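Structure first, then comments.
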Protein chains: 2
Amino acid sequence: MRILLVEDDRLLGDGLQVGLTQAGYAVDWLRDGEAAVMALSTESFAAVVLDLGLPKRDGLSVLQWLRGRHDATPVLILTARDQLEDKVRGLDLGADDYVLKPFDLDEITARLRALVRRAHGRPEPVLAVGEIELNPAARSVTRAGQAVELTPREFDLLHLLLENTDRVLTRRALEEQLYTWNEAVDSNALEVHIHHLRKKLGNDLIRTVRGVGYMVPAGATP
Amino acid sequence: MRILLVEDDRLLGDGLQVGLTQAGYAVDWLRDGEAAVMALSTESFAAVVLDLGLPKRDGLSVLQWLRGRHDATPVLILTARDQLEDKVRGLDLGADDYVLKPFDLDEITARLRALVRRAHGRPEPVLAVGEIELNPAARSVTRAGQAVELTPREFDLLHLLLENTDRVLTRRALEEQLYTWNEAVDSNALEVHIHHLRKKLGNDLIRTVRGVGYMVPAGATP
DNA sequence: CGTTTCTCTTAAGGTGCCCCTAAGCTGGGG
DNA sequence: CCCCAGCTTAGGGGCACCTTAAGAGAAACG
């Protein structure tokens, strides 16, 4: 599985190359947009990891050029948190997904995996417990086949719980995952979201573990 | 599930040992690279948690030596954020994963779990004595395969006892662990919990040692 | 740009469960 | 036979969690 990594920052690129290699990809690492276009015009990749701020030729320009050729190679965009506009424009131009800096390597590989899988027309793996199903790619949830509308927070929370069935997630752990590393909430927001989830999905799915946190048993809701 | 922890910082090591033990692992804690090599050459571990900055023998050197012997024991590296090069070299040398300092205990246990599972497709670590099994991650207890409902205190108490099978735990020791360093109880609360545990798990599991404390024999309840 | 809708947080009040307490009981050891 | 450590039982209080409601803020709409 061959991947093109386009990143000018030496440190970041180095880390990514190693990490992605570790994850089982063959990684070609280029430092500027010009080189990226050259590579893409002659070679074929399973996916492209594309930084936006590049020398010689901007990342968005590379993306636009790629899509102009009707090349459907999956593209994962790396963008800083304060450049949301770029992200939006990137998605408009045909990016398949984006990751905000500073990012976690696991997140990159996870999204990349999803991207490649999607590109090959293979269905996304869904997380299922009992009659509840969650589709991470579509961000959709069904209960006994019926679609259930969840807000973003609710979805993320449920996602976390379903990824860790049979494991108790402490309140701390959940909050740290939901609220990105800062501005921790000091109220019972988490409880409220849990409450909403139970209301929409039934009371049996999420078990309260007093004094610790929450858990969804793998064999819940008969 | 036996784990080798190699960490020279006393405070950090202490915290890790407690946390990992809490997570259900049997932890051997060594303070320098020399000792780690000694241990690894004679004993077998499910995984190694390895700090890089070590006395006598550097962590990377230990890792290199280990891989040189074609030992595939999973290795989780602890590294400071400003030593990315080391991390990279570590991965090159065959580390399986790394965690940046300062880290979260939950993250360590999560990665460790993934690592061990990856290494030989095994499920969660459990503490087992006779027909009693305790799963720290799920905070669940079974007796002869049947789920047993325990209250938080009961669970914590049982957890402590099972972590120290064949060792007599004094009333003092138990109370200090259960009640976080303050607000000691001056009554027989402990006895009450023991009573409840016996009621739910059978009278043979927990042995009373008159005048000292309690103990669960490793080969209890046939 | 005002209006509307939707989501998330905050806060307050309620409730059920757990845990401590205490007091009487039991049995082993001196 | 007595004493004391541990066992047993029951109840009340407190706290963790639940539930509900409403306001702030952001996104969507015209």
Side-chain angles (χ1 to χ4, degrees), chain A residues 81-82 84-85 87-88 91-92 139-141 147-161 168-180 182-216, chain B residues 139-141 148-161 168-216:
Chain A
R81 193 171 296 275
D82 55 354
L84 281 187
E85 304 169 13
K87 171 196 110 186
V88 172
L91 290 175
D92 281 346
R139 287 187 74 85
S140 67
V141 172
V148 177
E149 292 298 327
L150 296 186
T151 70
R153 272 281 143 78
E154 288 165 9
F155 181 88
D156 290 338
L157 176 54
L158 181 63
H159 194 182
L160 280 172
L161 289 168
V168 178
L169 297 178
T170 66
R171 176 181 308 255
R172 269 282 301 284
L174 288 171
E175 285 176 347
E176 278 176 5
Q177 293 277 334
L178 284 184
Y179 309 105
T180 339
N182 42 14
E183 55 197 340
V185 289
D186 57 339
S187 80
N188 61 344
L190 185 62
E191 294 171 22
V192 176
H193 290 305
I194 291 282
H195 177 58
H196 290 150
L197 279 177
R198 291 213 250 241
K199 217 165 181 177
K200 294 178 178 177
L201 302 172
N203 287 321
D204 302 331
L205 184 68
I206 303 171
R207 250 191 56 200
T208 301
V209 182
R210 241 185 127 71
V212 185
Y214 298 93
M215 173 184 102
V216 2
Chain B
R139 284 186 77 87
S140 66
V141 172
V148 177
E149 292 298 326
L150 297 186
T151 71
R153 274 282 144 77
E154 289 165 10
F155 180 89
D156 291 338
L157 176 54
L158 180 62
H159 195 181
L160 280 172
L161 289 167
V168 179
L169 295 176
T170 67
R171 173 183 312 253
R172 270 284 299 285
L174 288 171
E175 284 175 347
E176 277 176 6
Q177 293 278 333
L178 283 185
Y179 308 108
T180 341
W181 302 294
N182 43 13
E183 55 195 340
V185 290
D186 57 340
S187 80
N188 62 343
L190 185 62
E191 294 170 21
V192 176
H193 289 305
I194 292 283
H195 176 58
H196 290 150
L197 279 178
R198 293 212 250 241
K199 216 166 182 177
K200 294 178 179 177
L201 302 172
N203 287 320
D204 303 330
L205 184 68
I206 303 171
R207 255 191 51 201
T208 302
V209 181
R210 241 183 126 74
V212 186
Y214 298 93
M215 169 184 109
V216 4

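Treat the numbers as computed from the prediction; the structure is a model and nothing was measured. Note on naming: letters A, B, ... go to the chains in the order of the sequence lines (proteins, then strands), and numbering restarts at 1 for each one.
- B:Y179 has a side-chain polar atom (N or O) that falls below the 4.0 Å cut-off from OP1 or OP2 of C:dC20.
- Between A:E175 and A:L157, every side-chain heavy-atom pair lies at or beyond the 4.5 Å cut-off.
- Every side-chain contact (heavy atoms from CB on, under 4.5 Å) that A:V148 has, sequence neighbours left out, goes to A:V141, A:R143, A:L150, A:K200, A:L201.
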Polar-atom pairs under 3.5 Å, protein N or O versus N or O of nucleotides 26-30 of chain C: list them with distances, or write none.
none

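- Contact check for B:L197 versus B:H193: no side-chain heavy atoms found under the 4.5 Å cut-off.
- Put simply, CG on B:L174 is 15 Å from P on C:dC19, counting in whole angstrom units.
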Could you walk me through whether B:L174 and B:L160 pass side-chain contact (heavy atoms from CB on, under 4.5 Å), step by step? CA-CA 8 Å; B:L174 288 171; B:L160 280 172; 4.2 Å; yes
Distances under 3.5 Å between protein N/O atoms and the N/O atoms of nucleotides 7-11 of chain D, please, pair by pair.
unit_1: D:dC7; atom_1: OP1; unit_2: B:R198; atom_2: NH2; d: 2.2
unit_1: D:dC7; atom_1: OP1; unit_2: B:T208; atom_2: OG1; d: 2.7
unit_1: D:dC7; atom_1: OP2; unit_2: B:Y214; atom_2: OH; d: 2.8
unit_1: D:dT8; atom_1: OP2; unit_2: B:H195; atom_2: ND1; d: 2.6
unit_1: D:dT8; atom_1: O4; unit_2: B:N188; atom_2: ND2; d: 2.9

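- Interatomic distance, CZ of A:R171 versus CG of A:N188, reported as 8.5 Å (0.5 Å rounding).
- The shortest heavy-atom contact between B:L161 and B:I206 is CD1-CD1, 3.9 Å.
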Atom pairs and distances, side-chain donor-acceptor, residues 208-216 of chain B, under 3.5 Å, sequence neighbours left out:
unit_1: B:T208; atom_1: OG1; unit_2: B:R198; atom_2: NH1; d: 3.4
unit_1: B:T208; atom_1: OG1; unit_2: B:R198; atom_2: NH2; d: 3.0

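- In this structure, B:E149 places its CD atom 16 Å from C1' of C:dG16, rounding to the nearest Å.
- When rounded to the nearest whole Å, the span between CD of B:E175 and P of C:dT21 equals 10 Å.
- Checking C:dC20, D:dG6, D:dC17 against the side-chain heavy atoms of B:R171 singles out D:dG6 as nearest.
- For the pair A:F155 CZ and C:dT7 P, the computed distance is 15 Å after rounding to whole Å.
- Distances shown here put a side-chain N or O of A:S187 below 4.0 Å from the OP1 or OP2 atom of C:dT10.
- Within the helix from C:dC1-D:dG30 to C:dG30-D:dC1, the inter-axis angle between the opening and closing five-pair segments is 30°, rounded to 10°.
- With rounding to whole Å, A:L190 atom CG is found 11 Å from D:dC17 atom C1'.
- Atom CG of B:L197 and atom C1' of C:dC18 are 14 Å apart (whole Å).
- Counting all heavy atoms, side chain and backbone alike, B:L178 lies closest to B:R153 at O-NH2, 3.9 Å.
- For A:H159, the ring-ring contact (aromatic ring centres under 6.0 Å, His included) partners two or more places apart in sequence, or in a different chain, are A:F155.
- Using a 4.5 Å cut-off on side-chain heavy atoms (C-beta onward), B:K199 and B:H195 make contact.
- Residue A:T151 places no side-chain N or O under 4.0 Å from the OP1 or OP2 atom of C:dC6.
- Between A:R153 and C:dT9, a side-chain N or O to OP1/OP2 separation shorter than 4.0 Å is present.
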